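None of these values were measured; they are calculated from a predicted model. Just so we're on the same page: letters track the sequence lines, and every chain starts at 1.
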Amino acid sequence: MNTKERENAILPATDILERSEGFHIFMDMPGVAPDALSIDLEENELMVTGASRYTPASETQGRYSTPEFGAPVYRRVFTLSDMVDRERIKASLKDGVLDLFLPKAEAMKPRRIPISSGELE
Amino acid sequence: MVIDFNTVYDLPKDMDRLFAGILGSSGMAQRRITYPLINVSENDESYMVDICLPGVPAEELEITLAARSLIIKGERKAPEGRYFRQERAAGSFQRIISLNVPVARDGVTAKSENGIVRVTLPKTEEVKPRRIAIE
C-alpha cells in the first residue's frame, strides 16, 4: 500500500449495532471481492481495508456520462473494547457488504455477585 | 522561545483534507440526494448502466424496461439490533433512467457482482455505427 492509496482511501458507510450475543459492524464496500479484503487486528485496533475491483466501462471501452461512483480503496479503523472476544471475531462479505461479528467475551457478560452474610474480617 | 505544535496540530494537512472533502463531494454528481448511484456508458454494441447497490440481493431488486425508460426499484433492509451508529442508507428506493435511444429489448441482460449490478442494453441495428461503402 503506497502513500497515494493511503491518502485516497475513503471511509465506507458503516452501521454498528449490538445484539444479545455480540456486536455487528456492517460496512458498504461495493466492488470489493473477498480476496481483495484485509482485516488486521493489532492490539486494540481493527483495520479493515478493501480495494474495489469495479472497472468502469469507460476505462476499457466506450464513452461515459457523468460518473456517480468509482472504484475506491475503502479503509476504516475501529478501536475494540475489552468486551470483545478477539479470538472469535468472524467476517463475511456478501453482495458488497462486510459483516463483522464481534462476540462478547464470556468474562464480560454480566454476572451477579452472591452476597453471603457474616461478619466482616 | 519557540514552541513546536507540529506533533499536536497537523493543521495544514487538516485543512487540505477539509478542502478535499468539500471539493470531492461536489465532484461526484448529486451525491446523497440520489439513490442508488449509477454510471451510464456506451460502446459500439450497447449501453451499460452500472448500479451501485451493496447489500441488495437480486430477489429484492426489480429492474423494469418500460417504453422509454429503465426503472430500478427495490428495498434495502436495515439489520435488526440496537444501533450505535447508522450511516448506511435503508428503505425503499426507485430511480428512473430515461432512454432516448432505441434498444434491442429482447437482448437486455443484468448481472450482479460484489454489490454492483450491470444492465446491458444492446443497441438496435439502426443506431449502431455502420461503415458506408463507397461505390
Practice task
In sequence, state the C-alpha distance, the side-chain angles, and the governing distance for A/V97 and B/R88, and then conclude on side chain to side chain contact (heavy atoms under 4.5 Å, CB included).
Solution key: CA-CA 10 Å; A/V97 176; B/R88 298 165 64 234; 3.5 Å; yes
Exercise for the section: For salt bridge (charged side-chain N to carboxylate O under 4.0 Å, His left out), just list the numbers for B/R85 and A/E18, CA-CA rounded to whole Å, side-chain angles, deciding distance to a tenth of an Å, and then say yes or no. Expected result: CA-CA 10 Å; B/R85 180 181 280 274; A/E18 185 183 0; over 6 Å; no
Problem - In one Ile/Leu/Val/Met/Phe/Trp/Tyr side-chain cluster, 4.5 Å: B/I71, B/F93 - result: no
Practice task
Return yes when atom CD of B/E59 has more than 12 non-hydrogen atoms of other residues, nucleotides or ligands closer than 6.0 Å, and no otherwise.
Solution key: yes
Completion exercise
Closest non-hydrogen atoms of A/R19 and B/E80, given as atom of the first, atom of the second and distance, are NE-O, 2.7 Å
Handout entry: Joint hydrophobic cluster, A/M83 plus A/L80, side-chain heavy atoms closer than 4.5 Å
Key = yes
Handout entry: Check: A/D95 side chain, B/P54 main-chain N or O, donor-acceptor pair, under 3.5 Å
Key = no
Handout entry: Hydrophobic cluster identity match, A/F23 and A/L41, side-chain contacts under 4.5 Å
Key = yes
Exercise for the section: May I ask whether B/V117 and B/V49 are part of the same hydrophobic cluster, defined by side-chain heavy atoms of I, L, V, M, F, W, Y residues being less than 4.5 angstrom apart, directly or through others? Expected result: yes
Fill in the blank from the handout: If you tally heavy-atom pairs under 4.5 Å between each of A/M27, A/R76, A/R53, A/M29 and chain B, the highest tally belongs to A/R76
Handout entry: Taking every non-hydrogen atom, the tightest pair across B/G81 and A/L17
Key = CA-CD1, 4.0 Å
Problem - Check ion pair A/E68-B/R95 (N to O, under 4.0 angstrom) - result: yes
Handout entry: Exam field: side chain A/D15 to backbone B/P79, donor-acceptor pair closer than 3.5 Å
Key = no
Fill in the blank from the handout: Bottom line for B/I116: the part with an atom under 4.5 Å from chain A's heavy atoms is side chain
Practice task
Measure the shortest side-chain to side-chain distance between A/I16 and B/R82 over non-hydrogen atoms and say whether it is less than 4.5 angstrom.
Solution key: no
Problem - Inter-residue atom distance A/T14.OG1 - B/F84.CZ, 0.5 Å rounding - result: 15.0 Å
Problem - Nearest heavy atoms of B/N39 and A/Y54, plus distance in Å - result: ND2-OH, 3.1 Å
Exercise for the section: Treat each ILVMFWY residue as a node, draw an edge where side-chain heavy atoms are under 4.5 Å apart, and state whether B/I96 and B/V40 are in one component. Expected result: no
Exercise for the section: Mind listing the closest non-hydrogen atom pair of A/T55 and B/R118 along with its distance? Expected result: O-NH2, 3.3 Å
